[in-house]
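Written below as structure tokens is the structure these notes are about.
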Amino acid sequence: MEIHEYWDADYSHKENYGKEEWVQKIDETVQESIAAHKISDVEVGSFLSSGVDSSYVAAVLRPDHSFSIGFDDKTYNEAIEARKLTKMLGLNNTAAVIDGEMSFKAFPLIQYHLDEPDSNPSCVPLYFLANLAAQHVRVVQSGEGADELFAGYAAYGWHTNSKMIRVFAQGLKKLPKNIRFKLGRTLGNMRNFHGRIHLYEATAPAQDFFIGQALVFEEQEAEAVLRQEYTQGPSVAEIVAPYYQKVAGITEEVNKMQYLDVHQWMPKDILLKADKMSMASSLELRVPLLDIEVMKLAQTIPTKYLINQHNTKDVFRQAANRHLPEEWANREKLGFPVPIRAWLKEGTGYQTVKDLFSADFAGEFFDQEKILQLLADHRAGKQGLQRKIWTIFTFLTWYKVFFIDEEIPKAETIVYETI
């Protein structure tokens, strides 16, 4: 069998329209795509988080049913925030709350359905969200893709709340490439100061620092916890190099970052989990923001209209703003916040992970003393360890399901607490 690519993103041509024209074109294209993805023999519902992407889709689609999942977390609850929007828009929303105990109980089954280990914590709420929606509809639309197509990630160069620094960085982007790159590399070697990262990523070549959205372990950190025989894979630089080679002639560095994410992060994480978690509940998920016509438009937008001193995915947000309350379209991107930091410190979560890290088979892959120390350090309050712990936990859970237990984890009836 030979596999042939029938289409690829091409950022080489930019159209010369003003901001308002771009907003109009985006809104027209998004509305047309949502309408096309609404064609079905059955009712089409919508996933809804508190973020701008799924909110835009729901506000245009106006489904009879939208669905939201939140956590019993005191700091932030997606379901409550989404419910506020549906009340403003007059939509019928079904929202439920899940907790850590439910999540850890379902996690082996989640990894079974994923087929391959995916340590993005948002797999958990997505599994429950699809399960909830499938009790009411067979098809849903969702908001995946806008961040890659319209430069919504902070990693594309949005690292300060200082408007002065953002304006200054936007000016530096206009410097000739050789001067800009030299300045960027100088900033990269300087001691840290407020705004340095923002200025560095605005001026340095993308290939110097950007490896996509999936960074959890630095390579040296990974090697420190892995057994020697499992440190022989390709380096991150080797993995991303072919993609940078394909866009070497592209003028705008943000487009190079987008191209890498479109080929790595989006198909191997964002769409993988969306596809697998919806199929686990026999739910068809449609992604209108990833329609090829939307991409054809997005790739021609100069990046100054996408990520600038005002916001990330700036003109996309303004298009969404035509259908949403002002405070919604301009919200900070949160992803799908999952309270794993709290889960891994106590109760079911802490004990489940500790037991798995202590299991004999874990020693085949990891230095068990070191990974147990990571868990202990996290419990003691050391910052920034939860994603590392979760990634190891994910792999070991997946391995246990497929190679130790060798049976499908039991699926239990889920009783939701609706709000």
Side-chain angles (χ1 to χ4, degrees), residues 9 11-14 147-224 234-265 299 301-315 332-333 335 382-385 387-388:
Y11 297 96
S12 62
H13 175 70
K14 301 297 178 185
D147 290 313
E148 290 82 4
L149 270 59
F150 296 96
Y153 292 117
Y156 293 153
W158 184 268
H159 296 286
T160 180
N161 291 321
S162 169
K163 187 171 183 179
M164 183 178 71
I165 292 172
R166 296 201 303 261
V167 171
F168 184 53
Q170 197 67 14
L172 293 177
K173 288 183 179 182
K174 299 174 184 177
L175 291 170
K177 183 182 288 188
N178 60 331
I179 297 174
R180 188 172 76 245
F181 286 177
K182 185 176 180 180
L183 174 61
R185 285 168 172 149
T186 300
L187 285 164
N189 292 323
M190 293 174 68
R191 293 179 63 180
N192 204 26
F193 58 85
H194 180 66
R196 184 185 72 87
I197 298 298
H198 188 92
L199 295 173
Y200 166 63
E201 295 191 359
T203 52
Q207 197 165 356
D208 280 10
F209 65 87
F210 187 78
I211 62 167
Q213 307 299 325
L215 177 63
V216 177
F217 286 91
E218 296 289 349
E219 287 174 283
Q220 299 89 337
E221 292 176 318
E223 289 175 1
S235 68
V236 175
E238 289 169 337
I239 292 170
V240 303
Y243 303 102
Y244 278 118
Q245 288 168 8
K246 283 191 174 183
V247 289
I250 297 298
T251 302
E252 305 195 49
E253 296 301 301
V254 171
N255 289 152
K256 296 177 182 179
M257 302 182 214
Q258 290 175 278
Y259 187 83
L260 178 60
D261 275 342
V262 163
H263 287 81
Q264 285 284 100
W265 176 246
Q299 67 187 10
I301 303 174
T303 58
K304 67 181 180 180
Y305 294 118
L306 299 178
I307 183 166
N308 50 42
Q309 65 266 34
H310 305 295
N311 221 324
T312 59
K313 54 185 176 190
D314 188 24
V315 283
E332 178 186 357
K333 177 175 176 56
K382 188 173 180 179
Q383 297 298 306
L385 299 180
R387 284 297 304 276
K388 294 177 172 60

Closest non-hydrogen atoms of Glu201 and His159, given as atom of the first, atom of the second and distance, are OE1-NE2, 2.7 Å

Would you please test Glu253 and Phe181 for side chain to side chain contact (heavy atoms under 4.5 Å, CB included) and show each step?
CA-CA 11 Å; Glu253 296 301 301; Phe181 286 177; 3.5 Å; yes

Verify the neighbour count for atom CG of Asn161: are there more than 12 heavy atoms of other residues, nucleotides or ligands below 6.0 Å?
no

Could you tell me whether Lys177 atom NZ has more than 12 heavy atoms of other residues or ligands within 6.0 Å of it?
yes

Any donor-acceptor pair under 3.5 Å from Glu219 side chain to Ser235 backbone:
no

Taking NZ in Lys304 as the centre, count heavy atoms belonging to other residues, nucleotides or ligands within less than 6.0 Å. Is the count above 12?
no

Kindly give the heavy-atom pair with the smallest separation between Gln213 and Tyr156, and that separation in Å.
NE2-CE2, 3.8 Å

Main-chain N/O of Glu148 paired to Gln258 side chain as donor or acceptor, under 3.5 Å
yes

In short, Val216 meets Glu221 closest at the heavy-atom pair O-OE1, 4.3 Å

If you compare all heavy atoms of Ala151 against all heavy atoms of Val254, which two are closest, and at what distance to 0.1 Å?
CB-CG1, 4.1 Å

Mind checking whether Tyr200 and Phe209 have parallel, tilted or perpendicular rings, split at 30° and 60°?
tilted

Taking every heavy atom of Tyr244 against every heavy atom of Ala206, the minimum-distance pair comes out as OH-O, 3.5 Å

Would you check, one step at a time, whether the test side chain to side chain contact (heavy atoms under 4.5 Å, CB included) holds for Phe193 with Leu199?
CA-CA 10 Å; Phe193 58 85; Leu199 295 173; 4.2 Å; yes

Okay, side chain of Arg196, backbone of Leu187: is any donor-acceptor separation there less than 3.5 Å?
yes

Crowding at OH, Tyr243 (>12 non-hydrogen neighbours, <6.0 Å)
yes

Could you go through the side chain to side chain contact (heavy atoms under 4.5 Å, CB included) check for Leu172 and Arg180 one step at a time?
CA-CA 7 Å; Leu172 293 177; Arg180 188 172 76 245; 5.7 Å; no

Of all heavy-atom pairs between Val247 and Tyr259, which one has the smallest distance, and what is that distance?
CG1-CG, 3.5 Å

Short side-chain to backbone donor-acceptor contact, Lys256 and Thr251, under 3.5 Å:
no

So does Phe150 get a backbone contact from the side chain of Asp147, meaning a donor-acceptor N/O pair under 3.5 Å?
no

